Amino acid sequence: MTTLAGLQGNVLDGYRTPHALYMFVSVTEARVARRWLASRIGRVTTYGSFQAARPASTFNLAFGHDGLLALGVPPIRLAHLEAFRQGMAARADALGDVGPSAPARWELGAGDSHALLVLTAAERESLADAASELRDSLPEGGLTLSHEQHAYSAPEGREHFGFQDGFSQPAVPGASAPRIGEGTLTLWRRWRRLALGEFVLGHRDEGGRVPAAPLGPLGDDATFMVVRKLAQDVGAFRSYVAEAAERLHREPAWVAAKMLGRWQNGSSLARYPQAPGPPASQDPNASRFRYGEDPHGYACPLGAHVRRANPRDSLGYQGRLTQRHRIIRRGMSYGAPLPAGISVDDGVARGLMFVAYQGAIERQFEFIQGQWLGDGNPLRLGDDRDPILAAEGSNGQMIIQGRPPVFLAGIPRFVTTCGGGYYLLPGIAGLRALADGAC
Amino acid sequence: MSRERDTPAALVVMAQLREGREQALLDELAALPSGEESPFRRVASTHFCRWLLIPALLGADGEAAEPGRAYLLLTADFDGPLADWVAAMTREMGPHLDRIFEHCDGYRGSGELGALTDFIAERRVSVGFSILSSRATVARVRSSLELRRALREFAIDSQGMTPDALRRAWSERFGA
């Protein structure tokens with residue numbers, strides 16, 4: 001029977017640790033790698049162990065489809081999981097990863113790897129110690145390191161474009177203290193938590209069914225993890241916003257907020273359309289709003305990034321058209337921030353290590369990325385695409401609804417995909433079976 | 001033009017595959033040009049059209065209702081009537097139709113128009129849902145999209161104009 005005891009950590013409750021290291025590895029010797037895995041299972045941070053006592057550093061590991069096969073999992077146990085089996089690179093066209101974002105141009109080793117090891121820590125030194133020990137163990141563990149990426153949570157949780165991020169996560173059983181507005185609406189317009197199966201395999205989802213999972217123990221207490229390394233062109237973003245603001249006789253903060261759907265302190269345009277409200281991180285009501293009360297987008301534009309990514313009840317039917325397309329996000333920034341006031345590229349690699357957990361990659365991450373961000377039709381926005389994330393093939397336009405409306409044009413590329421993959425984050429029972437060659 | 005000719009219609013066809021033809025059919029479908037090169041583009045009355053291989057029909061118990069028998073699903077939305085659309089399909093992409101439908105039981109080729117119409121009619125199933133949300137024809141949809149593009153272009157170019165300048169710009173772009 002599936003319980004949450006074996007679920008790895010950072011899924012239902014975020015670690016909120018400021019330092020992280022992502023290690024993309026390949027399996028070179030299956031038998032040795034299984035032995036290495038067996039020796040590491042006791043160090044894996046689980047949902048339960050993190051709640052019981054917060055460690056100096058956390059350790060989690062996920063496996064790509066080919067990594068599981070390399071460790072001896074029979075293909076038949078995974079064959080029905082199409083997106084996971086194919087991997088992110090094979091789905092590039094549907095995700096909009098073309099042109100400069102095409103897999104052929106991804107950073108070496110940052111694509112669908114056999115496994116992904118993730119360390120986090122509250123202190124930089126703790127992370128360095130854990131990373132050094134882990135790195136040293138790989139060669140004798142039948143594993144090869146193909147790519148490494150440090151990441152961090154900036155002060156106030158601001159990502160490189162300057163916006164507070166990481167809140168408005170789906171309210172789900174097992175997660176501590178969700179805020180009102182983070183779940184889904186009932187027929188009586190009250191907020192409730194989403195079904196656990198939307199995010200953890202082996203549980204009923206919002207459709208009342210148990211989502212497709214690997215056959216056998218790998219499906220217990222597991223979840224699918226989507227990782228994307230997204231380079232952010234902060235100079236281009238600042239330049240565009242400044243130029244548009246000057247042309248429109250508006251403040252740059254207003255233009256940027258309308259594109260994102262939030263003010264830089266995270267307060268939603270739906271609640272505070274004229275000026276920033278309290279910082280979202282300190283406001284227990286920050287997520288307490290319905291886009292259904294702003295049907296024309298006069299407060300938060302219909303095409304704003306956060307409204308596209310989670311339209312709530314924008315599409316009607318009390319949000320029932322959106323509740324099957326939610327993800328838990330655990331992204332962190334990488335690269336040094338571009339100093340304030342600079343609007344030209346300084347050549348420093350910076351961006352977001354996007355991490356999302358879900359029960360069904362196609363229905364959740366891929367649907368959001370391909371349909372809501374990468375297209376305009378589902379939201380009745382014609383050819384418009386997400387102004388922040390979907391540059392390739394975009395008309396580069398966005399309407400800021402209002403009286404009169406404002407039109408943004410010539411929106412350039414701000415974000416480029418540099419790598420990514422689809423992974424399974426097995427539960428402890430699955431890891432043990434994998435180590436024993438018993439999957 | 002008759003009302004029927006102007007009225008968009010939906011079609012769903014399920015044709016049973018001849019045994020062991022799944023891969024050959026998949027290869028044929030995968031080889032179909034897409035986007036601007038799609039042969040459907042040549043059939044001007046087509047709104048949407050999709051082919052889908054159904055490996056097996058499952059019964060309520062989750063078991064294959066007819067083990068080993070796959071189906072080809074064709075769904076289409078077009079400006080009616082059906083006979084005109086089938087004739088246009090045959091004319092514009094007959095060889096493609098032959099290479100696809102030849103994997104199905106009972107297909108006698110597109111060379112004989114009545115035979116293809118009969119083939120489709122015999123395998124037609126009722127339409128439960130159609131993506132058509134209006135009664136607009138393909139031509140009307142295309143002209144509306146063009147109008148939207150032109151209006152948006154104008155709106156972008158004219159932002160910030162004074163009322164007089166805006167009026168002049170509108171007249172120049174779209175006439176009085």
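A quick note: this is a predicted structure, and the numbers were derived from the prediction, not measured. Computed from heavy atoms alone, side chains included, the values below leave out hydrogens, waters and symmetry copies.
A salt bridge links B/Arg152 to A/Asp384: at least one charged side-chain nitrogen sits closer than 4.0 Å to a carboxylate oxygen.
Remark: B/Arg173 CZ is packed, more than 12 non-hydrogen atoms of other residues, nucleotides or ligands lying under 6.0 Å away. Other residues, nucleotides and ligands contribute only 12 or fewer heavy atoms inside 6.0 Å of the CZ atom of B/Arg142. More than 12 heavy atoms of other residues, nucleotides or ligands lie within 6.0 Å of CD in A/Gln86, so this atom counts as buried by the packing criterion. Enclosure of atom CG in A/Leu187 by more than 12 non-hydrogen atoms of other residues, nucleotides or ligands within 6.0 angstrom is indicated.
When the side chain to side chain contact (heavy atoms under 4.5 Å, CB included) test is applied to A/Leu269, the partners found at least two apart in sequence or on another chain are A/Ala257, A/Lys258, A/Trp263, A/Cys300, A/Pro301.
Below 4.5 Å, heavy atoms of chain A meet no heavy atom from residues 38-54 of chain B. Within residues 153-164 of chain B, the residues having any heavy atom closer than 4.5 Å to a heavy atom of chain A are B/Ala155, B/Ile156, B/Gln159, listed by residue number.
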For residues 241-249 of chain A, which side-chain N or O atoms pair as donor and acceptor with protein atoms under 3.5 Å away, sequence neighbours left out?
{"from": "A/Glu243", "atom 1": "OE2", "to": "A/Arg247", "atom 2": "NE", "distance (Å)": "3.1"}

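Residue B/Arg148 touches chain A through its side chain alone, counting heavy-atom pairs closer than 4.5 Å.
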